[in-house]
Amino acid sequence: DTAVSQTPKYLVTQMGNDKSIKCEQNLGHDTMYWYKQDSKKFLKIMFSYNNKELIINETVPNRFSPKSPDKAHLNLHINSLELGDSAVYFCASSLGGTGYTFGSGTRLTVV
Amino acid sequence: AQSVTQLDSQVPVFEEAPVELRCNYSSSVSVYLFWYVQYPNQGLQLLLKYLSGSTLVESINGFEAEFNKSQTSFHLRKPSVHISDTAEYFCAVSDRGDYKLSFGAGTTVTVRA
């Protein structure tokens with residue numbers, strides 16, 4: 001049973017396209033996150049939802065829009081993709097901030 | 001929000017030798033501390049965490065870390081490494097009651113025979 005699953009695992013697309021990444025957790029956690037890992041492997045938080053409510057929104061271009069239809073799902077939609085958006089995007093979840101479980105990542109390549 | 005510093009970006013080490021990865025964070029308020037490991041082309045796996053209680057925490061595969069509040073540190077150690085320990089190691093910190101987990105820049109551990 002996969003605790004935090006995200007799809008797709010790989011995504012190659014052209015500049016200017018719109019794409020979505022989906023994330024689901026079956027841990028019963030109340031908070032979900034999107035993190036971006038750049039080419040130097042640095043991890044930076046992008047968004048966080050607690051019980052479907054947006055609680056963290058870091059300085060991220062508004063081309064990125066998260067959506068949480070319920071506590072178990074958090075999707076990330078990206079409009080007008082740019083070369084600089086190429087990275088690995090990780091979904092994560094936590095319960096009360098005492099432990100964070102990460103998905104296996106989505107490697108986005110914009111060409 | 002916390003700032004996390006991992007003092008060593010790369011640590012080469014011979015098999016069966018000890019290793020220490022250093023981690024310092026910015027604030028001495030009540031914190032939760034974590035170490036994550038990332039194997040090549042994989043996701044992040046929790047190695048160990050400190051929430052409260054004993055300042056020395058251990059993982060099932062021989063790693064340990066010690067929380068030092070006065071020095072705002074959470075260094076990771078293993079007395080004898082294996083080739084399979086080759087990976088990227090991330091220290092992460094969050095303030096208690098906060099939902100934001102801040103990461104250090106990572107330490108690449110390369111174990112050689």
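Heavy-atom basis, side chains included; hydrogens, waters and symmetry copies ignored. Within every chain, numbering begins at 1; the chains are lettered A, B, ... in the order of the sequence lines, protein sequences first and strands thereafter.
For chain A, the nearby parts of B/L101 are the backbone and the side chain; heavy atoms of each come within less than 4.5 Å. B/K100 touches chain A through backbone and side chain together, each having a heavy atom under 4.5 Å away. With a threshold of 4.5 angstrom between heavy atoms, B/Q42 approaches chain A through N, CA, C or O but not through any side-chain atom. No part of B/Q45 comes within reach of chain A, as not one of its non-hydrogen atoms sits under 4.5 angstrom from that chain.
Here the closest non-hydrogen pair linking B/Y50 and B/T55 is CE1-CA, 4.2 Å. Taking all atoms of both residues into account, the shortest heavy-atom contact from B/Y99 to A/I56 is O-CD1, 3.8 Å.
Along residues 83-111 of chain A, the residues that come nearer than 4.5 angstrom to chain B, judged on non-hydrogen atoms, are A/F90, A/G96, A/G97, A/T98, A/G99, A/Y100, A/F102, A/G103, A/S104, A/R107 in order of number.
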Exercise for review: Determine, stepwise, if the pair B/Q2 / B/D95 fulfils side chain to side chain donor-acceptor pair (under 3.5 Å).
Suggested key: CA-CA 7 Å; B/Q2 291 283 346; B/D95 293 332; 2.6 Å; yes
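Of the possible polar contacts, one joining the A/R63 side chain to the A/N79 backbone as a donor-acceptor pair under 3.5 Å is found. Between the side chain of B/S3 and the backbone N or O of B/S26 there is no donor-acceptor pair closer than 3.5 Å.
None of A/Y35, A/Y33, A/F42 except one satisfies the ring pair (Phe, Tyr, Trp, His ring centres under 6.0 Å) rule with B/F103; the exception is A/Y35.
Side chain to side chain, A/T31 and A/N50 meet the donor-acceptor criterion of an N or O pair below 3.5 Å.
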Under 3.5 Å, which donor-acceptor pairs link side chains of residues 78-87 of chain B to any protein atom two or more places apart or in another chain?
unit_1 : atom_1 : unit_2 : atom_2 : d
B/K78  : NZ     : B/N61  : O      : 3.1
B/K78  : NZ     : B/D85  : OD1    : 3.3
B/K78  : NZ     : B/D85  : OD2    : 2.8
B/S80  : OG     : B/E16  : O      : 3.4
B/D85  : OD2    : B/H82  : N      : 2.8
B/T86  : OG1    : B/I83  : O      : 3.0
B/T86  : OG1    : B/V111 : N      : 3.0

